Structure formats: C-alpha cells, structure tokens
Amino acid sequence: MEIFQGSEILMKSLLEEGVDVMFGYPGGQIMAVYDTLYYYTDKLRHILVRHEQGAVHAAQGYARIRRRPGVVIVTSGPGATNVITGIADAMADSTPLVVLAGQVGLSELGCDAFQEADVIGLTSPITKWNYQVRHASEVAWAVSRAFYIANSGRPGPVVLDLTRDAMIEFADYEYKKCDFIRTYIPKHDLSEKSIQDAADMINASEKPFVVFGHGVQISNAEKELKDFLSKGNIPAGSTLLGLSSLPTDFNLYQGMIGMHGNLACNVQTNECDLLIAVGMRFDDRVTRTLSSYAKQAKIIHIDIDPAEINKLVKVDLGIVGDAKEVLAALAKKMVFKERKDWLKAFDDLYEIEMNKVIKPAINPESGDIRMGEVVDVVSQRSGGNAVIVTDVGQNQMMAARYSQFKNSDSFISSGGLGTMGFGLPAAMGAKIAVPDREVCLFVGDGGLQMTIEEFGTIMQEKVAVKIVLLNNNCLGNVRQWQQLFFGGRLSFVDMINPDYQKLAEAYDIKYAEVTSRDQLTAAVDKMLQSDEPYLLNIHVMELDNVMPMVPMGHGIESIMLSEDEWYKKEN
C-alpha cells in the first residue's frame, strides 16, 4: 500500500473506474486537483468548457450515448451552483453523472468563507447520493461508491463535495470496487408468479398496447423488446426518451406517445384492453389528464424502480425488475395472435395523421420552410444513422416526430426537466463520446443563445458537431401556447438575433444560411459532408405550430390536428 496526496488518489480512482473524459472548469478550491491533473493528461482527457452548465450538459450527452457515468469537475461556490440545473436534469432523466465539486477547507466550513456554498444541502433533493469528502483517506472509498450508485439500478447523478483538506492531505491508497451497499438494493429478484400472471394477462388480451421508455436503453433491452413484441404481435409506442430503442421501420412500432405524439398511439391508449408500460414513469406529458387515462384497460407496469409502481397510475400488476430480464422471461411464455383488426386500427389512424398533419409538415406545397421538412431532409440525407440531439421547444418536438432511426442510442434530449440550453453542450459531449458517428443538433434561436458560449469549447476541441438552427426569430413554443391558449397575446417572445455568420466565423465554425426551399437539400448535404463543426442557419416559418397536440387539461384522446380542427372518434 502506497501513500499519495488526496488529489492524486482522486486521479487514480477515476482511472480505476475507466474514466477517459472529464468536463470541467478550474477555480480556487479545486486547484490542487487541477495541479495533479496536469500530470495525468495522457490518460484523462479534460474538456475545458466555457461555463459549468456546459460541463454538466456535455457530461449528460456523453453519458447517454456511452451508457456510463459522465464526469464533471468544478470549483466551489458558483462553480458548484452553476451545475445545479444539469444535476436536476440528469435526475429527472435517469442519467448517470459523477460531479466532483471543490469545497473550502474544514476550518472554514460554515463560516461563509469566500466561494463557500452548502453543496450537500443544495443537491440532496436532486441526487441519488451526495457526500462531503473531508479527508484524503475517504477519497477512494467515496469515488468507488459514487460510480456504483450512479450507474446501478435506476441511474442518476451523484455529487462528491471535495474539501480542500481532502485534496492536499496524504493517505494510504488502495482501490476497492464497490459492488454492494447494505441499505441500497439497485436490482430486485424477479417474481416467477408475477411473470406468469403477466403472461396470462397478455395472452388473454385481444388489444394489447406497449408503451416503452428510456428504461429500455438503460437496461440494454432493445433486442428483448423487439422479440417480445414480435412473439405476441403487439403494437408499441415510445416516450420521448425511448425514441430509437426500436428502428422506426420496425413493423410493430407505431410512433411516439404524449402531448405531441402520434395520433394512433394516443387514441389507442384509450382503446386498448391491456396497457403494458416498460421502463417509463407515466410522466404528465405522456398521460395528460390522469382521470381519463386508459381507464378501460388493465395495466402492467415494468420498472426497475419500485417507487414508480402505482405512483401516478394505479396498475393491475407491477413488476419490479430489469426490463431486459423481464421481457426475456415474458417472451418465453407468450403466444402469437393475428390481431388484424387491432393493428389495422393503428394504420387507419396513421393515414388520418399523414394526410392532415405529416404531409403538410414535411412536404408543403408552398410558403416558408417548415421545421418538419428540415428535420425530414436531414433524416433522409443522413440515412437515419445520425445521433439526433435536441434543445427544448418546437425544435425538440419536430425532431422527435420526424427523425428516422436505424440504431439505438440515437436520440438525446432533455425530457423531464425540459432544459433550454441543453442541446449545444449535450451534442458536444455526445460527439466527443462517439467521434465516428454523425451528431446533428436541432436547436432554436432561444435555446442556442442560452449556452452559445460553448462555441468556444467546440473551437478549441475541434468537435465536429452539426448544428441545425431552426431560426424563427422568436421563442416558438411559448409563442404557440400564447397564440392558441392566451388569446394571441404574444408577450415577450420576439427576439432580435445576432449575426450568426459573424459568430460562426469568430469561432472558426463553418457556416451556411438557408432562406428558400430550393437551397435546403444541397445545404444539408454540404453540412453532412463536412468533417468540421458546422452551423446551418435555416430561416423557418415564424408561425409554424407543432401538431398534433393534446392541450393541458385535456385527456389523451382529446387531440388537436390543427389550430382549427380536433380529432373526432368515429363510432
């Protein structure tokens, strides 16, 4: 056993956990760590962001596509408080993070010292675990525990508050991987009775429908989901964060559910006789008004987190377990049914949506460029192989609705918290994680300017992310709500934007601008053919709305097809 300084124990511990990239920003109380990092740059790549919020969102993008914890390193006080939004976002979306935050020395704790903040108190409600490391002898233990908690069971963020003493003291070093905590049960044993009961319910069902979420990708259950659906011939719809778990052209995949989801998925949720929820949490954007959600159906809920069972929707059968194991076990007990009428009902509803919503959105005959057609062109020209990252707002919903996916881990977005400014740094982190894959960001002019400082990181690190700016000179999602539900009173949504060409040139980012439809395909091709960072500024229809839409206060079957037309069920 050797003796090392706490900051070097930290570096060695990170290497033991397989860390290869960190996103961070140095400062006073984390200086000892950065001094040690100076000697580890051949093993640990550090990405110097331009703002700590950029660091945590970049780590989220990295974590989501690599399915391992993203690592953030910041200083105390404002450095730590600047990552609060990203930590909350990661908690909402079950994204594994390990955040290393500097802290003042032990003698200064609680004294309102310079750049002191109560990081433990601030982050307790939004982390799986947090811990203040006070001595060097705790560092290796805390790091091992942090990575185990962050990435096991239902993943999430962990924060280590590193006091200056812990970083400058010396201690014995021995690294022991954590694989058990007595009070923490990340994975429950499967109940054979629950599996049999669920199989009996599925086999007895005539009109089953599967709703799956991000948990499918977290548990690496994509193959098991496809096999399960095929074995029972069961249609399925995805939550926002479940997108790309199934290929878009998979015969039983019906699209996205929720507020801006596909018509068939939403309507059939309230027509099925059995709803099977897999790795999703019945978010309000999925269910809308709970009082009318799937009341006609029996419900099976499969989730690794027991706290989610019966939390929002009362279910007939809850199965606490890993989606991969549960689906594999169920598939062995299922029988195939034709379900011709049930599947045809999805096709009929899709035809309605195609004619009334999709065709006008992706193939307009005239007028300004529409957001949907931009997404469609990017998806077609990239062959459905690109990693799609979005910011939050209309750009997010259009990208979700009209992107085509061939591979899993191809859609990254801020779901539960809905964080504007997420997109640019998350795309940057995703591209760093998978440099050989095309990464395309869809972002609005509002969200882009929230974290536009990360252009500097993109320039310094030469991160070849493709930025598709859907530029409508306003906060489009807020404008849509104000137009539809607030009497058309557009209150503080118009934006006077900067000269994006000058900004791109200043940051050595390739730039092109599209103002007419006949320029679009060629401009997208040129962007995709580039091996450098690229900003494609596309001027889109200012008053374009995302449809279909289930407004707030309405049930999931109450669907707007346009500003003037609502879906009406045919009896």
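From a predicted model like this one, the values you see are computed outputs, not experimental measurements. Heavy atoms only: backbone and side chains are in, while hydrogens, waters and symmetry mates are out.
- A salt bridge between D348 and K344 is present, with a side-chain N of the basic residue lying under 4.0 Å from a carboxylate O of the acidic one.
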Residues E16, K177; criterion salt bridge (charged side-chain N to carboxylate O under 4.0 Å, His left out); working and verdict:
CA-CA 8 Å; E16 288 284 350; K177 283 248 187 182; over 6 Å; no
**Audit row: I300, I202, side chain to side chain contact (heavy atoms under 4.5 Å, CB included) steps and yes/no** = CA-CA 9 Å; I300 298 172; I202 295 168; 4.2 Å; yes
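- Within 6.0 Å of CE on M552 lie no more than 12 heavy atoms contributed by other residues, nucleotides or ligands.
- Formation of a donor-acceptor pair under 3.5 Å by the S219 side chain with backbone atoms of G215 is found in this model.
- Under 4.0 Å is where a charged nitrogen must lie from a carboxylate oxygen, and between K333 and E192 at least one such pair does.
- With hydrogens and angles disregarded, a donor-acceptor distance shorter than 3.5 Å links the side chain of N203 to the backbone of A199.
- Counting heavy atoms of neighbouring residues, nucleotides and ligands inside a 6.0 Å radius, atom CG of N251 exceeds 12 of them.
- By the 30° and 60° cut-offs, the orientation of the rings of Y184 relative to Y148 is perpendicular.
- Electrostatic pairing of E353 and R401 counts as a salt bridge here, judged by a charged N lying under 4.0 Å from a carboxylate O.
- Residues V21 and V71 have side chains not in contact (no heavy-atom distance under 4.5 Å, counting atoms from C-beta outward).
- Taking the six-membered ring wherever Trp is involved, the centroid distance between the rings of F405 and Y253 does not fall below 6.0 Å.
- A distance-only check finds a donor-acceptor pair linking the side chain of S144 to the backbone of C178 [under 3.5 Å].
- Partners of I65 under the side chain to side chain contact (heavy atoms under 4.5 Å, CB included) rule, at least two apart in sequence or in another chain, are V387, D409, I412, A433, V434, R437.
- In this model, no donor atom of one side chain and acceptor atom of the other lie less than 3.5 Å apart for N395 and T390.
- A side-chain donor-acceptor contact under 3.5 Å links S245 to the backbone of G242.
- Residues satisfying the side chain to side chain contact (heavy atoms under 4.5 Å, CB included) criterion with D284, sequence neighbours excluded, are R288.
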Task: Candidate pair M547 and K356, rule side chain to side chain contact (heavy atoms under 4.5 Å, CB included), full reasoning - done: CA-CA 10 Å; M547 294 292 170; K356 292 184 177 292; over 6 Å; no
Evaluate salt bridge (charged side-chain N to carboxylate O under 4.0 Å, His left out) for K568 paired with E557, printing each intermediate quantity in order. CA-CA 9 Å; K568 293 182 180 179; E557 78 290 340; over 6 Å; no
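- The two residues S403 and V375 make their nearest non-hydrogen contact at OG-CG1, 3.5 Å.
- Atom NZ of K231 has more than 12 heavy atoms from other residues, nucleotides or ligands within 6.0 Å.
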Handout entry: Residues S413, Q396; criterion side-chain hydrogen bond (donor to acceptor under 3.5 Å, both in side chains); working and verdict
Key = CA-CA 7 Å; S413 191; Q396 177 187 37; 2.7 Å; yes
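- By the 30° and 60° cut-offs, the orientation of the rings of Y293 relative to F282 is perpendicular.
- Applying the side-chain hydrogen bond (donor to acceptor under 3.5 Å, both in side chains) test to residues at least two apart or on different chains, the pairs with a partner in residues 307-332 are R154-E308, K187-E325, E224-K324, E308-K311.
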- Evaluate ring pair (Phe, Tyr, Trp, His ring centres under 6.0 Å) for H135 paired with W141, printing each intermediate quantity in order. CA-CA 11 Å; H135 298 287; W141 170 87; over 10 Å; no
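- In terms of modelled atom types and a separation under 3.5 Å, the side chain of W129 and the main chain of V159 share no donor-acceptor contact.
- Using modelled atom types, one side-chain atom of D303 and one backbone atom of D305 make a donor-acceptor pair closer than 3.5 Å.
- Panel note: side chain D273, backbone E206; a donor-acceptor pair is recorded below 3.5 Å.
- Side-chain atoms of T127 never come within 3.5 Å of backbone atoms of V158 as a donor-acceptor pair (strictly under, hydrogens ignored).
- When only modelled atom types and interatomic distance are considered, S408 and E222 share a side-chain donor-acceptor pair under 3.5 Å.
- Between Y173 and Y175, the two ring planes are tilted [angle within 30° to 60°].
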